[in-house]
Each structure stands twice: as C-alpha cells, then as structure tokens.
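In what follows, chains carry the letters A, B, and so on, assigned in the order in which the sequence lines appear, proteins first and then strands, with residues in each chain numbered from 1.
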2 protein chains.
Amino acid sequence: MSKGVNLKILSQRLNLSQTTVSRALNGYPEVSAETRKRVAEMADKLGYAPNSQARRLATGRSMAIGHVIPRSIHEMMNPIFLEFIAGAGETYSKHGYDMIISVVEDDQEEEAYRQISSRKKADGVIVHGPAHDENRHALLKDLNLPFVVHGRIAGAETETCWIDMNNRRAFQRATDLLLDLGHTRIALLNGLEHMDFARRRRRGFEDAIKERGLAPDPALMRSNDMTEPYGCDNAMEMLKSDNPPTAFLVSSMISAIGVARAIGQCGLVTGKDVSIITHDDALSFLPNSGEVPIFTCTRSSVRYAGEKAAELLLAMIANPNSEPTSLHLDAELIIGQSTGPAPAKV
Amino acid sequence: MSKGVNLKILSQRLNLSQTTVSRALNGYPEVSAETRKRVAEMADKLGYAPNSQARRLATGRSMAIGHVIPRSIHEMMNPIFLEFIAGAGETYSKHGYDMIISVVEDDQEEEAYRQISSRKKADGVIVHGPAHDENRHALLKDLNLPFVVHGRIAGAETETCWIDMNNRRAFQRATDLLLDLGHTRIALLNGLEHMDFARRRRRGFEDAIKERGLAPDPALMRSNDMTEPYGCDNAMEMLKSDNPPTAFLVSSMISAIGVARAIGQCGLVTGKDVSIITHDDALSFLPNSGEVPIFTCTRSSVRYAGEKAAELLLAMIANPNSEPTSLHLDAELIIGQSTGPAPAKV
DNA sequence: TTGAAAGCGGTACCAA
DNA sequence: TTGGTACCGCTTTCAA
C-alpha cells in the first residue's frame with residue numbers, strides 16, 4: 001500500500017532541497033558522493049518513484065513511442081505485427097520508454113497521428129505496413145514527428161528512416177532455387193500487392209524467371225490476404241488445372257500450410273510431387289525450425305526487425321540532427337523438407 | 001507545422017481567462033453559450049489541443065490502461081493476445097484512453113506492475129493469461145491498481161473482476177458431440193495445463209467422457225504450447241499407435257491445422273476417417289467461417305472479449321465503489337466439415 | 001556542492 | 001458567468 005511518496009516528502013525527510021534530491025537521483029555530477037548515497041537509500045526505503053506525468057510535463061518529452069494500427073493492417077498482419085511489437089517493446093523498456101498503441105479505423109489514422117503530435121502523446125512513431133500509394137511520411141514530416149518505417153516507402157527511401165528485409169532478393173533467390181531444381185511452372189501466392197513488400201517480392205519472382213528466359217504465367221500468380229484458406233483454395237484450383245504448377249512460392253507460413261493441405265488433399269506429397277517455399281517471419285507460434293525445417297523458406301525475424309526499428313527511432317530522437325540511417329536485412333534461405341527436384345514429365 | 005498553441009495563448013487571443021476557456025472546452029455548464037461557441041471556434045482555428053501530460057498531472061489520472069505481457073505469455077498466446085488487444089484498444093479510444101503495453105521478461109512482471117502503480121503510468125491494467133498458481137491479483141490489490149482478468153483466477157472468482165468464456169462447458173459440449181457421433185477413442189490436444197483455461201477445458205472433456213461411463217485414456221491426452229507442429233507430431237504419433245483415436249479435440253486452430261496435416265499424411269481423410277473439433281478464437285487471419293466451416297469448432301471471439309474487458313475496467317475506474325461485475329461468455333458450437341460419425345470398427 | 005524559485009500546461013477551488 | 005490563483009510533481013536555470 002504505497003503512500004504516494006513524492007519529491008517533496010522525500011527531500012523533507014532528508015533535509016535537502018528538491019533540487020539536490022532530483023539531481024542525485026538523476027545522476028548529475030555535481031552531487032557529493034555521500035549525499036547521493038543518502039538520497040538513494042532514503043528513496044529506496046520510502047519506495048519513491050517519480051511521477052511520470054510530472055516528469056514528462058517538466059521535460060517536455062513524453063518518453064513514449066506510438067504505434068498506430070489501422071484496422072485493415074491489423075487484420076492482415078496481425079501475427080506479424082505483434083511479433084514486431086514485442087521486439088520493439090523490449091528496446092523501449094531498456095531505454096525507459098513506454099509503448100502506446102492505437103488501434104483505429106482506417107479513416108482515423110491521420111487524426112491519430114495529429115493527436116499524438118498535438119497532444120504530445122509520443123516522441124515518435126513507427127509506421128507499419130507501407131503501401132505502394134503512401135503518404136504518411138509526408139504527414140509525419142509536416143507534424144514534425146520523428147518516425148521509422150517498418151518496410152519501405154517507394155520513392156522516399158533516401159529521405160525516410162526505415163528498416164526492411166530485402167524482399168526482392170529473398171524471393172529472387174527462392175525462385176532461383178526452384179528453377180535450379182528444374183521447376184518451370186512455379187506459382188506465386190503473394191500478399192496484397194498494394195503493399196510495398198508484396199510488390200518487391202513479386203518483382204524478385206518475376207526477375208528470376210525472366211532471367212532464365214521464361215515468362216511468368218499470370219494464371220499462376222495470386223495476391224491476397226495471407227490466410228490459410230487463401231493458400232489452400234488457390235493451390236487446389238491450380239493443381240486441378242490442365243497445366244498445374246510443380247512448385248509454389250508463398251508469402252507467408254500460414255498460407256503455405258494451406259497449400260500443403262491442398263497438396264495433401266490432391267493425394268500428392270509435398271516436397272516430392274510438389275514443392276513449396278514460403279517466407280518465414282520466425283513467429284514463435286509457428287515454428288519451422290527443426291533440424292530440417294518442415295518448410296524450405298526465406299527467413300527473417302520480424303521480432304529482430306522490431307528491436308532494431310525501435311533502436312533507430314530512439315537514436316533519431318536522441319540526436320535529431322543525425323542523418324537518417326536505415327537498415328536493410330537479408331533473409332536467410334533455408335532448405336527444409338518441402339522442396340525437391342521437379343518431377344519428371346509424364 | 002503546428003506552433004504549439006497552449007491554453008495561455010488561446011485564452012489571450014480570446015481575451016478570456018484560462019479558467020473560462022478550459023471550462024468551455026471541457027463542457028462545464030456554467031459557460032454561456034456564446035462564449036463556448038467563440039472558444040470552440042478559436043480553438044479550432046488555432047488548432048489547439050490540450051497537452052496530455054499537463055492534463056494528467058493536474059487531474060491525477062493518467063488516462064491510460066496498461067497491459068503487461070510477460071515474454072512467456074507472449075510466446076504462447078501471441079496471435080490471441082493481439083486480437084484481444086485490438087478489441088480492447090477500440091474501447092479505449094472511444095473513451096479517450098491510451099493503451100500502454102509492456103513486454104517484459106517473466107521475472108520482471110511484478111516490477112512492471114509496481115512501476116505502473118508508483119509512477120502512475122496507468123489507471124488500471126488487464127491481467128493476461130491467468131495460471132493455476134496465480135498471485136497477480138493479490139499484488140494488484142495491494143498496489144491498489146484496478147484490474148480485470150482475461151480468464152479466471154481459480155479461487156478468486158468472486159473477489160476479482162474477470163471476463164472469460166465457459167471453457168469447461170464448451171469442451172464438454174464438444175466432447176458430447178463426438179460421443180454422440182459414436183467416437184469412443186477421443187484424443188485431447190490441450191494447451192499448457194498450468195494455465196487456468198486449459199485446466200477447465202480438460203475438466204469439461206473428462207466430465208463428458210465419464211458421464212458416459214467411459215474412462216479418459218491418459219495416452220490420448222497431451223498438453224503443450226499450441227503450435228502447428230505440436231498438433232501434427234502428436235496426432236501422428238497417436239494415429240500410428242496400436243489403438244488410435246478416431247477423433248481429436250484440439251485447443252487451438254493452429255494445432256488443429258497440424259492435426260489435419262498429420263491425418264492427411266497418414267492417408268486418412270479428416271471428417272471421415274478421423275474427426276476434429278477445435279476451439280476457434282475467431283482470429284481474422286485464420287478464418288474458419290465459410291457456409292460450412294472447415295473445422296467443427298467451439299467459437300468465441302477474443303476480440304469481443306477484449307472490448308468487453310476494457311469496458312468492465314473503465315467502468316470500475318469511473319465508479320470505484322461498484323461491485324465487481326464479471327462476464328461469462330458461452331462459446332458457440334459450430335458444425336463444420338471436420339466431424340463425422342465414428343468409422344465402423346473393423 | 002546546495003538551494004530558491006520559476007516554469008511545464010493544465011485543472012479546480014474560491015471570490016467576485 | 002467569469003476570473004484570480006493555488007496547486008499537480010518534477011526539472012532546470014540562476015545565485016549563493
């Protein structure tokens with residue numbers, strides 16, 4: 001039952017001024033070692049903890065980072081998003097920052113940013129799920145709110161600070177692997193292609209195919225929310241077609257599981273009759289990490305991305321004049337059980 | 001480029017006192033209609049928004065709700081957790097509250113609550129993932145921090161405010177359904193049974209079986225993190241045993257997908273050779289909601305639970321003397337494609 | 001090395 | 001109906 005000890009009471013008990021006590025507690029150098037020790041002990045004894053609101057008001061820094069999640073992003077990216085958040089949250093708490101999350105309707109996103117800025121709710125924000133047609137960066141610059149993008153905003157790569165994996169390259173390498181295994185009919189089950197990451201993945205896929213002198217077949221490319229049924233239904237449809245694919249490149253584990261289900265339902269064997277490569281965000285509840293992982297995958301930890309994004313943002317805030325640094329992560333290409341040589345033509 | 005208009009500037013521009021302006025903006029009755037209108041217009045024109053830190057300091061309310069997520073809970077419950085959060089977040093923003101999330105190491109959880117209380121970071125908290133051996137409610141009472149439990153704390157049902165689905169009943173009904181279909185060898189793939197919800201589910205399962213004069217077979221009961229491989233590996237092992245189950249009752253869709261995969265790999269057909277009932281938290285990225293859902297399930301929306309939990313908590317905060325109301329939600333039992341009569345004995 | 005006092009930007013009581 | 005003023009609890013000059 002803490003009795004609400006504040007600076008005033010604490011300083012009275014010590015026969016010191018609030019100033020000195022504050023300085024002692026905040027590690028200012030001009031305090032004598034002995035005083036500092038006395039202060040620390042008494043603070044500990046009385047269970048003193050500074051009121052964050054008061055400190056925030058006094059310093060003008062809210063010591064919080066905002067994450068605005070429009071409902072549509074939430075729906076599509078739910079699991080990925082939380083993993084990212086968890087990573088970021090770790091960094092924040094290490095640095096004494098709070099994380100505030102606003103889940104808003106899509107048309108309220110701008111207003112949410114404006115409020116964060118005008119009411120001083122956070123010292124910076126993370127921008128989630130950049131789309132191709134994107135303007136949040138302009139708004140945030142206008143609001144003078146430091147931000148880091150998870151992903152990239154096409155066309156604003158040099159003027160914004162971002163952290164992203166190399167989506168194009170990852171999907172190019174994955175496609176190359178399938179081509180090397182002799183697959184020529186490769187299907188792409190991509191995420192929604194108004195999202196920046198999905199566009200880049202598609203480019204990587206197409207580049208790889210074109211480099212071998214092949215032409216991407218539009219009938220084998222799909223784009224949608226990355227649910228399990230999306231993977232299953234589309235794979236099923238393609239597998240039953242006249243000219244079915246022998247391999248699938250899939251944008252998410254969840255959809256890949258759906259694809260595997262479809263393959264099973266067709267009486268085929270994954271990794272033998274039909275190959276799958278998926279992108280693996282290294283989500284804790286979807287482990288794909290045995291000695292030989294179930295799925296061959298391009299893997300990149302979103303959690304790590306979250307940690308790093310937070311670090312970039314805190315650095316920007318601490319040092320507003322520094323150049324915007326960005327981070328480009330490469331995905332690992334990991335061979336699992338879901339790929340094998342293209343079956344011989346009948 | 002907002003210029004940081006504050007109350008002082010605003011009131012000067014209006015030739016009014018800060019007091020009056022504040023009252024006008026906050027809807028106090030003693031302000032003349034005309035003044036109120038003038039104030040509102042000017043505030044709008046200058047883009048005035050009150051500084052939240054200042055207001056919080058003055059009112060003594062932080063207008064924020066805390067969610068402390070120990071890493072272990074995060075790892076197991078990741079997708080469920082975010083969905084809950086999203087629901088809660090909606091309620092918060094409707095009421096002008098912020099949501100602050102702390103992801104902490106397991107051994108830092110208590111400290112996190114203490115800080116929320118002593119530094120006044122939040123006016124209340126939501127307790128996630130109650131275990132069987134649980135003491136957070138005692139701590140929070142001690143800290144005088146209002147809270148609502150998502151789930152129940154066994155033994156403290158009457159003294160705490162909680163929202164929970166009827167886990168026991170849901171699993172009892174699901175088991176009954178399987179028994180009615182003629183299944184007698186039913187496997188239970190449960191979540192971690194030190195968690196309260198998992199214990200209740202198990203009880204429901206066992207009760208149903210015992211009521212028919214059968215005995216639950218320990219060989220058919222498993223308990224673990226609800227991952228996809230957990231479902232697959234355990235189902236596989238059981239299906240290959242001498243006396244395999246003909247039906248699975250599974251605690252999460254993700255594991256159920258794994259079970260389906262195992263069934264497929266054994267050359268069997270889900271819903272015909274082997275039945276599955278899963279619990280479905282109605283996660284947006286795992287839809288199970290076609291005309292005839294893929295999985296027969298007990299369904300209860302976590303998102304809805306989040307909304308309601310937040311409402312309960314805000315009500316407690318607004319009216320600290322009211323009796324603790326709790327909410328017991330019933331899951332729907334929904335027939336999908338994954339159940340059918342027990343296959344005739346050979 | 002320490003302290004007095006003026007903010008930070010609001011709210012709310014007491015008078016007028 | 002409006003205004004003066006004392007807080008809220010901490011930080012941060014400026015003086016001593």
Side-chain angles (χ1 to χ4, degrees), chain A residues 2-40 42-43 46-64 96 98 115-121 123, chain B residues 2-40 42-43 46-64 96 98 115-121 123:
Chain A
S2 73
K3 276 300 302 156
V5 190
N6 58 23
L7 237 206
K8 190 171 171 189
I9 298 182
L10 178 58
S11 58
Q12 282 168 353
R13 293 278 299 245
L14 284 159
N15 276 321
L16 286 170
S17 70
Q18 294 192 27
T19 314
T20 304
V21 175
S22 170
R23 282 196 280 236
L25 257 21
N26 290 309
Y28 282 61
E30 63 259 42
V31 182
S32 79
E34 197 210 318
T35 307
R36 191 187 301 281
K37 188 161 161 255
R38 271 184 63 215
V39 171
M42 184 63 83
L46 300 187
Y48 168 77
N51 179 308
S52 6
Q53 328 296 345
R55 169 181 276 172
R56 285 164 181 182
L57 177 57
T59 58
R61 290 176 310 151
S62 68
M63 295 303 285
D98 285 339
Q115 290 214 359
I116 288 176
S117 165
S118 65
R119 315 178 94 112
K120 307 270 166 15
K121 290 196 171 193
D123 299 325
Chain B
S2 73
K3 277 300 302 155
V5 190
N6 59 22
L7 237 207
K8 190 171 171 189
I9 298 182
L10 178 58
S11 58
Q12 282 169 353
R13 293 277 298 244
L14 284 159
N15 276 322
L16 285 171
S17 71
Q18 293 191 27
T19 312
T20 304
V21 175
S22 171
R23 280 197 280 237
L25 257 21
N26 290 307
Y28 281 61
E30 62 258 40
V31 182
S32 79
E34 197 209 317
T35 307
R36 191 187 301 282
K37 186 159 163 258
R38 269 185 64 216
V39 171
M42 183 62 83
L46 301 187
Y48 168 77
N51 178 308
S52 10
Q53 328 296 347
R55 171 182 274 173
R56 286 164 181 182
L57 177 57
T59 58
R61 291 177 309 150
S62 69
M63 296 301 287
D98 286 338
Q115 290 214 358
I116 288 176
S117 166
S118 64
R119 316 178 94 113
K120 307 270 165 17
K121 290 197 171 190
D123 300 326

Flag side-chain contact, heavy atom, 4.5 Å: R13(A) against V5(A): no
Donor-acceptor contact present, side-chain R61(A) to main-chain D123(A), <3.5 Å: no
Between P of dC10(D) and CG of L25(A), the distance in whole Å: 10 Å
Whole angstrom value for the distance that separates P of dC8(D) from CE of M63(B): 21 Å
Closest nucleotide among dT2(D), dT11(D), dT2(C) to the T35(B) side chain: dT2(D)
Distance (rounded to the nearest 0.5 Å) between L25(A) CG and T20(A) OG1: 11.5 Å
Reported CG-to-CD1 distance for the pair L46(B) and I9(B), which is rounded to 0.5 angstrom: 8.5 Å
Distance in Å, L7(A) CG paired with L14(A) CG, rounded so as to fall on 0.5 Å steps: 10.0 Å
Short side-chain N/O contact to dT11(C) OP1/OP2 from N26(B), under 4.0 Å: yes
Contact check, side chains of V21(A) and Y48(A), non-hydrogen atoms, under 4.5 Å: no
Bending between helix ends of the helix from dT1(C)-dA16(D) to dA16(C)-dT1(D) [5 pairs per end, 10° resolution]: 40°
Within residues 51-59 of chain A: residues closer than 4.0 Å to DNA chain C (heavy atoms): L57(A), A58(A)
Using atom names, set out every protein N or O paired with an N or O of nucleotides 13-16 of chain C below 3.5 Å, distance rounded to 0.1 Å.
none

Side-chain donor/acceptor of N26(A) to backbone N/O of Y28(A), under 3.5 Å: no
P50(A) vs S17(B), nearer the 5' end of DNA chain D by closest nucleotide: S17(B)
Short side-chain N/O contact from S22(A) to OP1 or OP2 of dC10(D), under 4.0 Å: no
Among dG10(C), dG3(C), dT11(C), the nucleotide that comes nearest once only the side chain of L16(A) is considered: dG3(C)
Separation of dT1(D) P from R38(B) CZ (nearest whole Å): 15 Å
Rounded distance (Å) that lies between atom C1' of dT12(D) and atom OH of Y28(A): 7 Å
Distance (rounded to the nearest 0.5 Å) between S117(A) OG and K120(A) NZ: 6.5 Å
OP1 or OP2 of dG3(D) under 4.0 Å from side-chain N/O of T20(B): yes
Gap between atoms CG and C1', on N6(B) and dG7(C) respectively (whole Å): 12 Å
Euclidean distance, atom CZ of residue R61(A) to atom P of dG7(C) [Å, nearest integer]: 21 Å
Test item: Q53(A) and R56(A) side chains (from C-beta on) under 4.5 Å apart, heavy atoms: yes
Atom-pair distance (CG on L7(A); P on dT12(D)), nearest Å: 12 Å
Atom pair OG (S22(A)) and CG (L10(A)), whose distance is rounded to the nearest 0.5 Å: 10.5 Å
Length of the NZ-P vector between K121(A) and dG9(C), whole Å: 17 Å
Pairing of D98(A) and R119(B) as salt bridge, 4.0 angstrom limit: no
From R23(A) atom CZ to S17(A) atom OG, the distance as rounded to the nearest 0.5 Å: 6.5 Å
